[in-house]
Amino acid sequence: MKNQSITNHIDWISVALFITLVLMGWLNIYSSSLSAVTGDSTIFDLSQFYGKQLLYIALTFPLVLIILFVEGKFYEKYSSIIYTISVLSIAGLYVFGKSVKGQANWYSFGSFGLQPSEFAKAATALALAKYLSDVQVNLKLVKDQIVALAIVFFPMVLIAGHDPGSALIYIVFLVVLFREGLPGWYLFSGFAAILLFILMLITNNPYIVIGIATIALVINYLRSRLIERNIIASGIMLVLVAIFSFSVSFVFNNVFKQHHRDRFNILLGKQVDMKGIGYNIHQSEIAIGSGGWFGKGYLEGTQTKGGFVPEQHTDYIFTTVGEEWGFFGSVIVIGLFVTLVLRVIYLAERQKTKFSRIYGYSVAGILFIHFFVNIAMVVGIFPTIGIPLPFFSYGGSGLWGFTILLFIFLKMDANKVNEW
């Protein structure tokens with residue numbers, strides 16, 4: 001059935017939230033970029049970040065129209081092809097990628113660049129939704145679990161070679177898989193591994209970590225009902241914990257790059273470097289803290305105008321919000337993100353097809369982990385890993401990637417009236 005209008009049945013609440021966040025993002029990019037401007041300049045100056053971002057925003061609207069114009073079933077029918085092209089584009093970075101600050105995760109086109117990892121999230125979500133929506137797939141079966149996890153981890157591993165921070169975003173797909181029937185122990189194991197990793201970094205002693213794990217396993221064993229007790233399984237778990245604990249030091253010192261190690265050490269209080277690797281986060285905390293309850297006023301941020309926060313227009317854009325708009329302005333921005341995520345979840349729950357529902361949950365998860373990690377990063381409770389704030393951080397790839405991710409789902413939602 002052909003659509004009478006490409007905007008028929010579109011969820012205008014989500015569209016309004018999208019437009020609001022994009023415009024607020026540009027206002028903050030404009031403010032954070034003014035410190036670098038000398039002489040006469042207009043908002044359309046393509047030599048400035050805000051001028052380029054305005055161009056990216058302008059190109060976003062025809063992109064949205066194309067997404068809405070395409071028949072809703074297209075994204076399901078060709079999801080495998082989209083995923084394959086996306087994976088190949090990431091793999092191609094190892095040969096044709098341009099190195100920016102030590103990370104070859106861009107294709108260069110003159111003064112502009114394209115980051116394929118920003119588009120891979122939507123492609124992975126489509127491929128995962130397509131596979132899980134197959135009536136023959138059962139996540140209780142190991143073979144189906146392996147395929148589903150491979151769909152997620154294949155692009156994740158390729159991206160990790162260039163940008164470990166962006167690769168971590170793919171962990172959110174485990175929650176989507178859990179929602180669709182993946183055994184809970186996968187999710188539990190993931191959180192346990194993160195906790196053990198942090199404990200190992202804090203104590204730097206595997207025997208202490210193993211001792212804590214042993215106590216926890218014994219308590220759990222004693223509290224379990226007799227029929228649930230399995231001493232062999234507990235023993236295997238303890239062996240895995242021991243292997244993991246002893247491997248953390250090797251991974252941390254030989255796999256992680258120096259700046260990654262420094263950021264973890266600063267976060268854990270094991271290293272103080274306010275003039276080096278810790279300078280960004282220190283200035284970020286000062287900028288946000290100086291905003292107080294109501295902020296210093298738009299374009300009045302002294303830390304922002306002084307250029308004290310490096311890369312403030314990208315990963316640290318929320319510091320401009322905190323300084324100039326204050327606590328209440330920051331709450332409003334966070335509230336808009338939360339509202340959008342909850343709206344997407346609501347729409348996902350009312351989908352008529354499993355494919356659309358799974359994709360919707362993927363969209364909500366990706367948006368949530370991005371804004372949560374970014375804000376946690378700039379306020380100093382998470383290490384700096386280069387995660388952009390959706391619709392706010394400067395960059396065409398990021399803006400278009402999130403736009404494609406969201407509007408493909410809004411097209412699916414609008415098309416549900418044609419579903420049986």
Within the distance-only criterion (no hydrogens, no angle test), does the side chain of Ser86 pair as donor or acceptor with the backbone N or O of Ile82 below 3.5 angstrom? no
Could you label the plane-to-plane angle of the Tyr170 and Phe173 rings as parallel, tilted or perpendicular, counting under 30° as parallel and over 60° as perpendicular? tilted
May I ask you to check whether Phe96 and Tyr107 place their ring centers less than 6.0 Å from one another? no
Does the ring center of Phe328 lie less than 6.0 Å from the ring center of Trp293? yes
Ring pair (Phe, Tyr, Trp, His ring centres under 6.0 Å) partners of Phe368, counting only residues at least two apart: Phe371, Phe372
Close aromatic pair by centroid cut-off 6.0 Å: Phe402 and His370: yes
Just so I know, are the side chains of Gln53 and Gln48 near enough to count as touching, which here means a heavy-atom distance under 4.5 Å? no
Output yes when a side-chain donor or acceptor of Ser133 lies under 3.5 Å from a complementary backbone atom of Lys130, and no otherwise. yes
Can we say Lys296 and Glu323 salt-bridge, meaning some charged N sits less than 4.0 Å from an Asp/Glu carboxylate O? yes
Given Leu17 and Thr20, is the side-chain contact (heavy atoms from CB on, under 4.5 Å) satisfied, shown in steps? CA-CA 5 Å; Leu17 289 167; Thr20 301; 5.7 Å; no
Backbone of Gly398 reached by a side-chain donor or acceptor of Gln115 within 3.5 Å: no
With a 4.5 Å cut-off on side-chain heavy atoms, are Phe119 and Ser397 touching? yes
Under 3.5 Å: donor-acceptor pair, side chain of Tyr83, backbone of Ile151: yes
Contact between Leu126 and Phe355 at the side-chain level, heavy atoms closer than 4.5 Å - yes or no? yes
Would you call Arg350 and Asp413 a salt bridge, taking side-chain N to carboxylate O under 4.0 Å as the test? yes
Are side-chain heavy atoms of Phe318 and Val333 found at a separation under 4.5 Å? yes
Quick one: does any side-chain atom of Ser393 pair with a main-chain N or O of Pro388 as donor and acceptor, under 3.5 Å? no
Please check this pair: side chain of Asp11 against backbone of Ala414, looking for a donor-acceptor N/O pair closer than 3.5 Å. no
Please check if the side chain of Gln351 supplies one atom and the backbone of Leu347 the other of a donor-acceptor pair under 3.5 Å. yes
Walk me through it: do Phe391 and Leu340 pass the test side-chain contact (heavy atoms from CB on, under 4.5 Å)? CA-CA 12 Å; Phe391 314 120; Leu340 178 59; 4.0 Å; yes
Please determine if Lys411 and Glu76 form a salt bridge, counting it only when a charged side-chain N lies under 4.0 Å from a carboxylate O. no
Considering only heavy atoms from C-beta outward, does the side chain of Leu132 approach that of Leu177 to under 4.5 Å? yes
Worked check of side-chain contact (heavy atoms from CB on, under 4.5 Å) between Val331 and Ile334: CA-CA 5 Å; Val331 169; Ile334 294 173; 5.7 Å; no
Parallel, tilted or perpendicular: which one describes the rings of Tyr56 and Tyr394, with boundaries at 30° and 60°? tilted
Check whether any side-chain heavy atom of Pro183 lies under 4.5 Å from a side-chain heavy atom of Gln145, and answer yes or no. yes
Hey, what do you get for CD1 (Ile57) to CG (Leu63), rounding to the nearest 0.5 Å? 13.0 Å
Give a yes-or-no answer on whether the side chains of Tyr316 and Asn374 include a donor-acceptor pair shorter than 3.5 Å. no
Nearest 0.5 Å, please: how far is CG in Leu88 from CG in Leu93? 11.5 Å
Would you indicate whether the side-chain heavy atoms of Asn415 and Glu71 approach each other to under 4.5 Å? yes
Do any N or O atoms from the side chain of Ser32 and from the backbone of Ile29 form a donor-acceptor pair under 3.5 angstrom? yes
Report yes or no: does Asn28 contribute a side-chain atom to a donor-acceptor pair with the main-chain N or O of Ile317 at less than 3.5 Å? no
For Tyr359 and Leu405, indicate whether the former's side chain and the latter's backbone hold a donor-acceptor pair under 3.5 Å. yes
